[in-house]
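Values reported hereafter were calculated over all heavy atoms of this structure, with side chains retained and with hydrogens, waters and symmetry mates removed.
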Amino acid sequence: MAFLRSREDDVNTLDLWAAPTGEGEPYKLIDARALVPEAGELSEAEIARRERMRISQRGVVEYSWDEQGRYILAPLEGDIFLADRNGEVRRLTETEGDEIDAKVSPQGTWASWVRDQNLYIQPLAGGDERAVTTDGDGLITWATAEFIAQEEMDRDTGYWWSPDEARIALTRVDESTVDVIPRLDIQGGGATTIQQRYPRAGRPNAVVDLFIHDVASGERIEVDLGDNDDIYLARVNWSADGGTLYVQRQSRDQQTLDLLTVDPATGESRVIVTQTDDAWVGLTHDFRALEDGRFVWSSEEDGWRHLYLYEADGTLVRQITDGDWAVKSLDGINAETGEVFFTASLEIADGVARELPIEQRLWRTTLDGGARRLSRRTAAGGA
């Protein structure tokens, strides 16, 4: 496993550590100061991105595993470093621009990142970087979450690798319609006025389009998100085999959330599930595509947020969890055993389920239902 840890000589700088899940002691995998002794100036875009992600420290502030568990990609002070589990680290980039939102492709073949409003990929086996897009400039940005997605929707990325690495879904954001307003930037040494494109309530938002890039051919097609471009691109997920792209599209009033399936070869889409609410439909990260083509998604249709199992075409199979309590998050699914792990403020005593407003616990159920608590109460009464 890997984790971030503050340096003993500087709590505001993070290093990347690793620890074996069996025997053995934790060890430092990436030493931020050893690789980059002096922290440089971040771009305004990266400063804003980190602020919206509530990242205030320097050094290694985020990292990405490949799904095989072989490599870890870590941005460090604007450049990209690749580490393996043996502690070997090599530098992939050394440029004037900031490389942000770095990822390892699912099978560990490629590294990817955004620089100067364009998406780049590079083979980890060796070779030069390749520009996936080249026209990102000015008010056009590729593969990056726009202001509303970052600040209000908990979506911090604008591109998604398919599991087979054959394709990349990526956004194109056009901010030309967004108002420019003065904003006060308040720091310890005083305040300055910044002219910023800010999507005010009732005014035009950025236009967000979604495309699918074919890695082998370099061809790119646009995804049909519907006739109305005044919508929110809320979530994007791939099916387990990479044959289907799932898109969550939310209406501007946030009262309707559609789940679309997209043919990655043509970009054609259709709505398979719709959630509605007279107030608003909350967004989650609870969508999980299963190996057999089915998927799990959460909904508040019975008055509480619970997990539901669907066929690939959106047909409801069953409700997995139920009761007068809410699922806080779907934390994982064991495809081999059918176990489902989730967090909830829940207690079951004498066969009766009840909410625990001041506690959260980890629970286990199965795709067939039937919850069992995993976490234990501490001496202080928490979980």
Straight-line distance of [X] [atom1] to [Y] [atom2], nearest 0.5 Å:
X	Y	atom1	atom2	answer
D79	E96	CG	CD	10.5 Å
T177	D229	OG1	CG	8.5 Å
T93	W113	OG1	CH2	6.0 Å
L367	T365	CG	OG1	8.0 Å
D258	R270	CG	CZ	13.0 Å
S298	L307	OG	CG	6.5 Å

So, [X] side chain and [Y] main chain: donor-acceptor pair closer than 3.5 Å or not?
X	Y	result
D263	G267	no
D66	Y71	yes
R288	H285	yes
Q275	E300	no
R167	W161	no
Q150	A145	yes
W325	D322	yes
T366	G369	yes

For F81, is the NZ or CZ atom of R91 found under 6.0 angstrom from the centre of its six-membered ring and inside 45 degrees of the ring axis?
no
Charged N-O contact under 4.0 Å between [X] and [Y]:
X	Y	result
E339	R364	yes
R252	D230	yes
E146	R155	yes
R197	E175	no
D368	R318	yes
E359	R361	yes
D31	R33	no

Distance only, no hydrogens: is a donor on one side chain within 3.5 Å (strictly under) of an acceptor on the other, for [X] and [Y]?
X	Y	value
Q107	T109	no
Q319	D302	yes
E355	S345	no
E165	S105	yes
S251	Q255	no

Within-4.5 Å side-chain heavy-atom neighbours: [X] and [Y]:
X	Y	value
D154	L283	no
V281	Q250	yes
I272	D313	no
V215	W110	yes
Y63	L73	no
R249	L257	no
D116	D98	no
Y120	S112	no

Any chain of hydrophobic side-chain contacts (each under 4.5 Å) joining [X] to [Y]?
X	Y	answer
Y308	V296	no
L4	L35	yes
L124	W65	no
V61	I80	no

Only pairs at least two apart or in different chains count here, so list each ring-ring contact (aromatic ring centres under 6.0 Å, His included) that has a residue in residues 245-274.
Y246-F287, Y246-F295
Over all atoms of both residues, closest heavy-atom pair of [X] and [Y]:
X	Y	result
L170	V132	CD1-CG1, 4.4 Å
R172	I140	NH2-CD1, 3.5 Å
V89	I30	CG2-CG1, 4.1 Å
T157	K103	OG1-NZ, 2.8 Å
F342	D331	C-OD2, 3.2 Å
T256	T274	CG2-CG2, 3.8 Å

With a cut-off of 3.5 Å and sequence neighbours excluded, list every side-chain donor-acceptor pair involving residues 188-196.
from: Q196; atom 1: OE1; to: R183; atom 2: NE; distance (Å): 2.2
from: Q196; atom 1: OE1; to: R183; atom 2: NH2; distance (Å): 3.4

For [X], the rest of its hydrophobic cluster, which grows through side-chain links under 4.5 angstrom:
X	answer
L260	W160, V173, V208, L210, I212, I221, V223, L225, L233, V236, W238, L245, V247, V262, V271
M1	F3, W17
V11	none

Are W142 and Y159 close enough that their ring centres sit under 6.0 Å apart?
no
Please determine whether salt bridge (Lys or Arg N to Asp or Glu O under 4.0 Å) holds for the pair D15 and K28, giving the CA-CA distance in whole Å, both sets of side-chain angles, and the decisive distance to 0.1 Å.
CA-CA 7 Å; D15 294 323; K28 189 180 295 186; 3.4 Å; yes
Candidate pair S299 and H306, rule side-chain contact (heavy atoms from CB on, under 4.5 Å), full reasoning
CA-CA 6 Å; S299 169; H306 283 294; over 6 Å; no
Apply salt bridge (Lys or Arg N to Asp or Glu O under 4.0 Å) to the pair D10 and R58, showing each step before the final yes or no.
CA-CA 10 Å; D10 184 1; R58 297 296 292 265; over 6 Å; no
Passes side-chain contact (heavy atoms from CB on, under 4.5 Å), T284 versus R305? Steps please.
CA-CA 10 Å; T284 72; R305 179 164 297 283; 3.5 Å; yes
State which residues pass side chain to side chain donor-acceptor pair (under 3.5 Å) with S162; sequence neighbours excluded, sorted by chain then number.
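Scan of S162 (side chain to side chain donor-acceptor pair (under 3.5 Å), adjacent residues dropped) gives D164.
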Just do the side-chain contact (heavy atoms from CB on, under 4.5 Å) check on T343 and Q360 with the steps written out, would you?
CA-CA 7 Å; T343 301; Q360 285 193 147; 4.1 Å; yes
Would W297 and L259 count as a side-chain contact (heavy atoms from CB on, under 4.5 Å) if you check the C-alpha gap in whole Å, the side-chain angles of each, and the deciding distance to 0.1 Å?
CA-CA 10 Å; W297 199 25; L259 179 64; 3.8 Å; yes
